[in-house]
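Single-structure report; data block below.
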Amino acid sequence: MQQQELFRRLRAAASSAPCISRLPTRAEIASLEAELGVHLPPSYRAYLLELSDALVGSYWPLVVQHEMTGGRLLDQARGLQSIGLPSFLVPFVSDNGDAFCFDTRSNGPEFAVVLWTHDDQSFVHRSWPNFLTWVADEWLPTAEES
C-alpha cells in the first residue's frame, strides 16, 4: 500500500489529539534529528508533518511537539536509553516501557522497525522492513477496529 493511501486511511480513522496544538515545522524536525544524531526515515518525517496532530487506533507515535513529555520523541528516547535502549534504536512508539524503534544500523533512509522489550532488553522477536510496513501491518488494523 502506498504512503498516501495509508495516511488517508489513518486520517479517516483519526480524532484530534488534545495535547498537540499544531504540526511541527520542517525546521523543528531537523532540530530533533540533530539532537538525536540521525535522520528520521522520510516516511516518518511525512507522518510528523501531515498526521502527528491526530490520535489513531491503539498506538500513538511519538511526536516533536507535545504538551506532555511522555509524548515527545526526544524525551522518550532519552528516558528509554536510561533503562537500556541501545543508542542505535530510535523509538517512535513507547508502550509501558517497550518501544517500536527504527534500527539505524539497517539500510536507510527507510530504516527497519523493531520492537524493543524492556524486560529482556531484546529486539530480535518482531521486526518490519520499514515504517510504512509497520503502519499497514501493526497500526492501521488497530485504527480500523475502533
Side-chain angles (χ1 to χ4, degrees), residues 1-118 123 126-146:
M1 194 177 306
Q2 297 289 330
Q3 176 175 303
Q4 290 308 316
E5 175 60 14
L6 284 171
F7 285 9
R8 184 195 65 72
R9 290 174 66 182
L10 288 171
R11 180 61 75 186
S15 59
S16 63
C19 295
I20 302 171
S21 59
R22 64 179 177 78
L23 293 168
T25 65
R26 291 182 192 285
E28 289 168 331
I29 294 171
S31 177
L32 170 67
E33 290 174 323
E35 287 278 344
L36 293 169
V38 67
H39 287 287
L40 296 169
S43 59
Y44 188 67
R45 291 179 104 245
Y47 158 78
L48 291 171
L49 290 166
E50 297 174 33
L51 281 167
S52 63
D53 62 343
L55 297 177
V56 184
S58 299
Y59 296 119
W60 300 338
L62 300 168
V63 296
V64 178
Q65 302 292 333
H66 198 284
E67 291 177 13
M68 299 167 38
T69 59
R72 289 193 296 255
L73 193 152
L74 185 59
D75 295 327
Q76 283 294 311
R78 289 178 175 158
L80 290 167
Q81 287 173 348
S82 75
I83 62 167
L85 181 74
S87 61
F88 58 83
L89 295 180
V90 177
F92 65 89
V93 170
S94 178
D95 185 29
N96 294 323
D98 297 339
F100 291 101
C101 303
F102 299 114
D103 185 346
T104 62
R105 301 171 308 164
S106 64
N107 290 333
E110 291 291 340
F111 300 118
V113 170
V114 297
L115 175 60
W116 179 78
T117 57
H118 75 283
F123 53 91
R126 295 187 65 201
S127 64
W128 298 261
N130 55 52
F131 178 66
L132 293 177
T133 302
W134 178 85
V135 169
D137 293 352
E138 192 72 23
W139 189 19
L140 192 56
T142 73
E144 293 175 339
E145 291 172 358
S146 18

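In what follows, every heavy atom counts, from backbone to side chain, and hydrogens, waters and symmetry copies are set aside. Since the structure is predicted, the reported quantities are computational estimates derived from the model, not experimental observations.
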Nearest atoms (heavy-atom pairs only) where Glu33 meets Leu40: OE2-N, 2.8 Å

Going by the angle between their ring planes, with limits at 30° and 60°, are Trp139 and Phe131 parallel, tilted or perpendicular? tilted

With rounding to the nearest 0.5 angstrom, report the OG1 to CG distance, Thr117 to Asp95. 12.0 Å

If you compare all heavy atoms of Pro91 against all heavy atoms of Gln76, which two are closest, and at what distance to 0.1 Å? CG-C, 4.4 Å

Atom of Trp128, atom of Val114 and distance for their closest heavy-atom approach: CZ3-C, 4.4 Å

May I ask you to decide if Leu132's main-chain N or O and Gln3's side chain share a donor-acceptor pair within less than 3.5 Å? no

Phe102 and its ring pair (Phe, Tyr, Trp, His ring centres under 6.0 Å) partner, picked from Phe88, Trp134, Phe111, Tyr44: Tyr44

Please check: side-chain N/O of Gln65 versus main-chain N/O of Pro24, any donor-acceptor pairing under 3.5 Å? no

Does any non-hydrogen side-chain atom of Leu89 lie less than 4.5 Å from one of Leu80? no

Taken in chain and number order and not counting sequence neighbours, the residues that satisfy ring pair (Phe, Tyr, Trp, His ring centres under 6.0 Å) with Phe7 are none

Would you indicate whether Arg22, at its atom CZ, is surrounded by more than 12 heavy atoms from other residues, nucleotides or ligands within a distance under 6.0 Å? yes

Okay, side chain of Ser52, backbone of Leu23: is any donor-acceptor separation there less than 3.5 Å? no

Before giving the answer on side-chain contact (heavy atoms from CB on, under 4.5 Å), spell out for Asn130 and Ser43 the whole-Å C-alpha distance, their side-chain angles and the decisive distance to 0.1 Å. CA-CA 9 Å; Asn130 55 52; Ser43 59; 5.8 Å; no

Heavy-atom closest contact (Ala143 atom, Val56 atom, distance): CB-CG1, 3.2 Å

Going by side chain to side chain donor-acceptor pair (under 3.5 Å), name the residues that satisfy it together with Glu35, two or more places apart in sequence or in a different chain. Arg78

Can you give me the closest heavy-atom contact between Ile29 and Val64, atom names plus distance? CG1-CG2, 4.0 Å

Verify side-chain contact (heavy atoms from CB on, under 4.5 Å) between Leu48 and Leu73, making sure each step is shown before the conclusion. CA-CA 11 Å; Leu48 291 171; Leu73 193 152; 5.7 Å; no

Looking at Glu5, I'd like to know if its CD atom is crowded, meaning that more than 12 non-hydrogen atoms belonging to other residues, nucleotides or ligands lie closer than 6.0 Å. yes

Any Pro61 side-chain heavy atom under 4.5 Å of Val93 side chain: yes

Which atom pair, heavy atoms only, marks the closest approach of Pro86 to Trp116? CD-NE1, 3.8 Å

With a 4.5 Å limit on heavy-atom distance, are the side chains of Val113 and Asp103 in contact? no

For the rings on Phe100 and Tyr59, is their centre-to-centre separation under 6.0 Å? yes

